[in-house]
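These notes concern the structure reproduced below.
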Amino acid sequence: MSQITGKIIGLGSYFPPKTLTNDDLSKMVETNDEWITERTGIKSRHIADGIEDKSSTMAVKAAKEAVEDAGIDPKDIDLIVAASTSPDLVFPSIAVTVQEALGCTENVGCFDVNSACPGWLAAFNTVQGFIESGNSKLALVIGTETLSNYVDWTDRGTCILFGDGAGAAVLKAEEGKKNEIIMRSSGKRGVCLHCENRKQPKRYDEDDFEQSTYFYMAGRDVFRFAITEVPKLIKDLAAKYNFSLDDIDYFILHQANARIIESTAKKLNIGIEKFPMTLEQTGNTSSASIPALLNEMKKDGRLKKGMKLVFASFGGGLTWDANYIEY
Ligand code: ACO
């Protein structure tokens, strides 16, 4: 159905210059390049220095590129929503930091969302709700993460997976196909992926406190959850909105693990070439992974106007979301 919707007219991304390869990791924990590559598809990841590059400053860098790519005046932006599960400030929001750095006016709604890895999709859906209801005309949607701050660098089961970075998109109200969504969550199953806040003074004297403030992940459970729920979600999306998966140009999946993406392609019976990946050089950048992947595809010419795209993500919560859009 054609109506007013948010069209992606600009994309940006940013990764900190410092990289950590699998060989570097093998000097820190008992692992090796072959194991990591075979189990995850990841070869290297970027690590923020915490000075120049934090979740907020990387968000600004990605947003600036997206604004430039869109060719818009930041003064025309009326909504900024940033997704992050690893913000450097409790408040104000990352969105406000971006507003200030870009020189936007004060006629801008700014707030952050936290939905772990599907955070950018949650932010995208929120912004689409504002645009499709006529409450925003030009918006920025950002995903930015420094999960390196939350990873236990002695735990080889998690520290090999994550990297830092940011991605951003400019959405403009235009005539087009509505954003079609399915969002799912299970608090009950969230125990397999969590991280406690460090600032809880009442818990400081408890033995397990420090450990609980690192990223906890039961890898096999998360893996099983992802390879079961993500293909099912995409099939349900196609059934709900009555489209054929064969007509989709690209499936833009959260870049967590190549084996999860390959398994999803197989279960959907769709060629793996329709599932682009960036994770080899970035690792899992959580809420930044989808906009950063879109930006890379735009730059190398794969992404073209009018393409039919399915986005799908999964992560802490547990939450898992999918969208069908026309780019
Ligand atoms: N190097 C070498 N050996 C390792 C490593 C490592 N880095 N990590 C674990 N091992 C060992 C284990 O100790 C185990 O040894 P054992 O058999 O002697 O006990 C063996 O390898 C197998 O361990 P598993 O945990 O079963 O390995 P698996 O094949 O499940 O791979 C992995 C682990 C890569 C973490 C996988 O479970 C996975 O990708 N899970 C999903 C993770 C994910 O996507 N997380 C993101 C979720 S959402 C978000 O983004 C927040």
Side-chain angles (χ1 to χ4, degrees), residues 1-13 62-63 65-72 76-77 79 81 118 120-134 136-143 167-183 230-231 233-255 261 264-265 268-278 288-313 321-327:
M1 192 175 76
S2 190
Q3 59 157 72
I4 293 299
T5 190
K7 284 282 185 185
I8 300 175
I9 61 159
L11 287 161
S13 55
E65 188 187 338
V67 163
E68 210 168 286
D69 183 44
I72 58 159
D76 294 330
I77 293 170
L79 180 65
V81 183
W120 187 81
L121 276 195
F124 182 85
N125 291 337
T126 304
V127 166
Q128 287 288 18
F130 274 81
I131 292 177
E132 292 184 351
S133 62
S136 168
K137 301 244 172 305
L138 194 62
L140 253 174
V141 195
I142 303 157
V170 174
L171 265 62
K172 186 177 181 207
E174 284 180 5
E175 188 80 19
K177 194 186 75 59
K178 189 177 167 291
N179 176 45
E180 291 172 335
I181 314 167
I182 298 186
M183 298 180 84
V230 175
L233 181 71
I234 294 173
K235 281 184 191 163
D236 290 351
L237 184 78
K240 181 174 176 188
Y241 295 107
N242 196 26
F243 66 90
S244 165
L245 293 180
D246 293 332
D247 293 338
I248 298 302
D249 294 292
Y250 286 114
F251 295 81
I252 310 291
L253 264 55
H254 170 44
Q255 302 289 293
I261 297 174
T264 302
L268 296 174
N269 203 19
I270 304 281
I272 191 68
E273 67 284 354
K274 286 198 173 181
F275 291 74
M277 293 190 223
T278 47
S289 85
I290 289 184
L293 170 58
L294 288 171
N295 190 32
E296 180 171 311
M297 292 175 68
K298 183 173 183 180
K299 281 182 172 160
D300 68 22
R302 273 179 292 174
L303 199 56
K304 297 187 179 66
K305 277 275 152 219
M307 276 185 162
K308 294 180 165 77
L309 306 178
V310 164
F311 299 158
S313 191
D321 308 333
N323 295 47
Y324 169 40
I325 68 151
E326 240 171 61
Y327 177 72

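Just so you know, residue 1 is the first one in the sequence shown, and it goes up from there. Nothing here was measured: the structure is a model prediction, and the numbers come from that model.
Not a single side chain to side chain contact (heavy atoms under 4.5 Å, CB included) links E68 to another residue, sequence neighbours left out.
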Practice item. Evaluate the criterion salt bridge (Lys or Arg N to Asp or Glu O under 4.0 Å) for residue pair D249 and K304; output intermediate values, then yes/no. Key: CA-CA 10 Å; D249 294 292; K304 297 187 179 66; over 6 Å; no
Exercise for review: Give the C-alpha distance, both sets of side-chain angles, the deciding distance and a yes or no for side chain to side chain contact (heavy atoms under 4.5 Å, CB included) between L171 and I8.
Suggested key: CA-CA 5 Å; L171 265 62; I8 300 175; 3.9 Å; yes
Exercise for review: Walk me through it: do M277 and I272 pass the test side chain to side chain contact (heavy atoms under 4.5 Å, CB included)?
Suggested key: CA-CA 10 Å; M277 293 190 223; I272 191 68; 4.0 Å; yes
Point to revise | Candidate pair L309 and L294, rule side chain to side chain contact (heavy atoms under 4.5 Å, CB included), full reasoning | key: CA-CA 10 Å; L309 306 178; L294 288 171; 4.2 Å; yes
Exercise for review: Please report the C-alpha distance between D321 and F311 in whole Å, then the side-chain angles of each, then the deciding distance to 0.1 Å, and finally whether the side chain to side chain contact (heavy atoms under 4.5 Å, CB included) criterion is met.
Suggested key: CA-CA 8 Å; D321 308 333; F311 299 158; over 6 Å; no
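A pairwise comparison of heavy atoms in S136 and A173 identifies O-CB, 4.0 Å as the closest pair. When all heavy atoms are compared, the tightest approach of A123 to V141 is CB-CG1, 3.6 Å. A pairwise comparison of heavy atoms in L253 and V230 identifies CD2-CG1, 4.4 Å as the closest pair. Between W120 and I290, the shortest heavy-atom contact is CZ3-CG2, 3.6 Å. Considering every non-hydrogen atom in both A288 and G167, the closest pair reads CB-N, 3.9 Å. Closest of all the heavy-atom pairs between V170 and A66 is CG2-O, 3.6 Å.
Side-chain contact between K308 and F243: absent, with no pair of heavy atoms (C-beta onward) separated by less than 4.5 Å. Here the side chains of I325 and F124 are in contact, with some heavy-atom distance below 4.5 Å. Residues K172 and I72 fail the side-chain proximity criterion, which asks for heavy atoms closer than 4.5 Å. In this structure, I270 and I248 have side chains that are not in contact, with every pair of non-hydrogen atoms separated by 4.5 Å or more. Counting heavy atoms from C-beta on, the side chains of L268 and K235 come closer than 4.5 Å. Put simply, the side chain of E65 reaches to within 4.5 Å of the side chain of N295, judged on heavy atoms.
Relative to the six-membered ring of Y327, K7 misses at least one condition, a distance below 6.0 Å or an angle of at most 45° to the axis. Y324 does not carry K240 over the face of its six-membered ring by the limits of under 6.0 Å from the centre and within 45° of the normal.
The residue from V67, I131, I9, L79 that alone fulfils the side-chain contact (heavy atoms from CB on, under 4.5 Å) condition with L138 is I9.
Under 3.5 Å, the side chains of N323 and Q128 contain no donor-acceptor pair of N or O atoms.
Summarising the geometry, atom CD1 belonging to I4 is positioned 11.5 Å from atom OG belonging to S133; distances are rounded to the nearest 0.5 Å. Atom OH of Y250 sits about 9.0 Å away from atom CD of E273, to the nearest 0.5 Å. Going from atom CG of L121 over to atom CE of M183 covers 7.5 Å, rounded to the nearest 0.5 Å. Interatomic distance, CG of L245 versus NZ of K274, reported as 9.0 Å (0.5 Å rounding). Between the NE2 atom of H254 and the OG1 atom of T264 there is a distance of 11.5 Å, given to the nearest 0.5 Å.
Residue N242 qualifies as open at atom CG: its count of foreign heavy atoms under 6.0 Å is 12 or below.
Using a distance-only test at 3.5 Å, with no hydrogens or angles considered, a donor-acceptor pair links the side chain of Q255 to the main chain of T278.
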